[in-house]
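Reviewing the structure listed below.
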Protein chains: 2
Amino acid sequence: MKKTDNKTPITRIQKQKRLVILEAALEVFSKNGFRGSTLDQIALHAGISKPNILYYYASKQEMHKELIERLMDKWLAPLEEMNAKGDPIAEISAYIKRKLEMARDYPRQSRLFNNEILQGAPHIIDLLNGELKDLVDEKAKVIANWMKQGRLTKTDPYHLIFSIWATTQHYADFDVQICAVLGNDEAIKNRFIKAEKHLYQLFVRSLEVG
Amino acid sequence: MKKTDNKTPITRIQKQKRLVILEAALEVFSKNGFRGSTLDQIALHAGISKPNILYYYASKQEMHKELIERLMDKWLAPLEEMNAKGDPIAEISAYIKRKLEMARDYPRQSRLFNNEILQGAPHIIDLLNGELKDLVDEKAKVIANWMKQGRLTKTDPYHLIFSIWATTQHYADFDVQICAVLGNDEAIKNRFIKAEKHLYQLFVRSLEVG
DNA sequence: ATAATTTTTGACCATTTGGAAAAATATTAG
DNA sequence: CTAATATTTTTCCAAATGGTCAAAAATTAT
């Protein structure tokens, strides 16, 4: 068995182990941020020894880098799917739904992203200024067009998108607070269903014309 | 000069130094979180030596604790001010305004809070389950009453409050991303004015009856 | 089986970090 | 001024941390 390259995993076992490690790293990084996380914590979560982690990833940085890279693809997708030719209200509702599902299904990724932003986005600032900005510019134009056509109430498209990001990601990033405030088990269990209803109403009622 | 107690600062110089240190600590903690921050970083920001910091604060923990305590008072105030006897739309608009002003004027406090929540709120979980929950319960009742009286469109009061928290704090916590996406200087300069307009429209239009 | 290769780990290292102790310096009281 | 007190810094330490290395264990190929 040859190890042709230490970057790309070849064997199935290598892929699996790298995934196990990434999973543990996500758990730790998303909670403590990059600086606040230790290899020991990650090793503990992964159930292997610290040097074994460094056998698969050359450094703590490299693990974090791969996590962030994988994250960004997934992060941009929901907005990319917004279709200029669809019905404005339906498209925006669907976007909210997608983002809320991401908050529900990938809360740790959301927190990883939040942590990165809090620290000044050192690893993704170029991406924010480039890919992300381009994508938002494009979709903001789409929304602005809908508004010009009288199919949506006029408001600032950029800040509209910010509001959608904020409200949906809040359910991942501030989950502890939300559960604390909701208090009773039933409300906690239904929090994402309730959130969806509320957000639909919030955005649709304010964007519907007339 | 007597040092009666090492908890409460007596002299003006002690108060000043403690403030300088807290200021530096806020700067560092809000960016890197508790674990990710070092006494050296704080000392550097404060312009004094590390042991000198520990002369005023017994430990890193104690500094963080005082910051969090000071923060929470300020954090609950805007919601407390919401008046059951006022006009619903005006009260909610004013609440949004207050929260947005906090995001604008105290972004580091907002990020400190965000960091604490991301880490599972270890230092304030009791406060969230106690004071915060009680306050939100009370205000949610007020809002629910307004809705029952037909003065606001019905929606879940808790999730309405969450939405206001999310949208306003987003402008502090995700400032890097917002500035990156807005790109041009003019839009960045006006971001809080634009945000206020947009949020008023978002919430007022969706909550107004009829 | 056995040799070659891959995977895993225990022992170790240099640096960073939170913090202690004590000496040195500055300030204030008399 | 002098003594008492308060502040600051220099020096140091033990633990934690990111990472190395060689040996051991497991796997694979023949």
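By convention in this document, chain letters (A, B, ...) are assigned in the order of the sequence lines, proteins followed by strands, and residues within each chain are numbered from 1. Because the structure is predicted, anything quoted here is derived from the model rather than measured.
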Using the test salt bridge (Lys or Arg N to Asp or Glu O under 4.0 Å), find all partners of A/R205 that sit at least two apart in sequence or belong to another chain.
none
Could you list all N or O pairs between the protein and nucleotides 8-10 of chain C that sit under 3.5 Å apart?
residue	atom	partner	partner atom	Å
C/dT8	OP1	A/K17	NZ	2.1
C/dT8	OP2	A/K17	NZ	3.4
C/dT8	OP2	A/N52	OD1	3.3
C/dT8	OP2	A/N52	ND2	3.4
C/dT8	OP2	A/Y56	OH	2.6
C/dT8	O5'	A/N52	ND2	3.1
C/dT9	OP2	A/S49	N	3.2
C/dT9	OP2	A/S49	OG	3.1
C/dT9	OP2	A/N52	ND2	3.4

Going by the rule side chain to side chain contact (heavy atoms under 4.5 Å, CB included), which residues pair with B/P78 if we only count those two or more places apart in sequence or in a different chain?
B/Y95, B/R98, B/K99, B/M102
Quick one: side chain to side chain contact (heavy atoms under 4.5 Å, CB included) partners of B/E66, sequence neighbours excluded?
B/R18, B/L22, B/Y57, B/R70
Length of the line joining A/K60:NZ and D/dA16:P, which is rounded to integer Å
16 Å
Contact residues, residues 32-42 of chain A to DNA chain D [heavy atom, < 4.0 Å]
A/S37, A/T38, A/L39
Using salt bridge (Lys or Arg N to Asp or Glu O under 4.0 Å) as the criterion, list what pairs up with B/D137, not counting sequence neighbours.
B/K133
Salt bridge (Lys or Arg N to Asp or Glu O under 4.0 Å) partners of B/R191, counting only residues at least two apart:
B/D175
Quick test of your reading of the model: are B/E23 and B/R108 salt-bridged, counting only N-O distances below 4.0 Å?
yes
Partners passing side chain to side chain contact (heavy atoms under 4.5 Å, CB included) against A/N190 (at least two apart in sequence or in another chain)
A/E186, A/I193, A/K194
Applying salt bridge (Lys or Arg N to Asp or Glu O under 4.0 Å) to A/E69 and not counting sequence neighbours gives none
dist A/H198:NE2 -> B/Y158:OH (nearest 0.5 Å) comes out at 14.0 Å
Residues two or more places apart in sequence or in another chain: which of them pass ring pair (Phe, Tyr, Trp, His ring centres under 6.0 Å) with A/H170?
A/F174
Tell me, please, which residues at least two apart from A/H64 pass ring pair (Phe, Tyr, Trp, His ring centres under 6.0 Å).
A/F29, A/F34, A/H123
Atom-to-atom span, CZ of B/F29 to P of C/dT17 - whole angstrom:
13 Å
Check whether any side-chain nitrogen or oxygen of A/Q14 sits under 4.0 Å from OP1 or OP2 of C/dT7, and answer yes or no.
yes
Nearest whole Å is fine: how far is C/dT6 P from A/Q16 CD?
18 Å
Give every pair of a protein N or O atom and an N or O atom of nucleotides 24-26 of chain D that lie under 3.5 Å apart, one pair per line with the distance.
none

I need the CD-P distance between A/E62 and D/dG19, as an integer number of Å.
10 Å
Figure out the OH/P separation between B/Y57 and D/dT8, and round it to whole Å.
14 Å
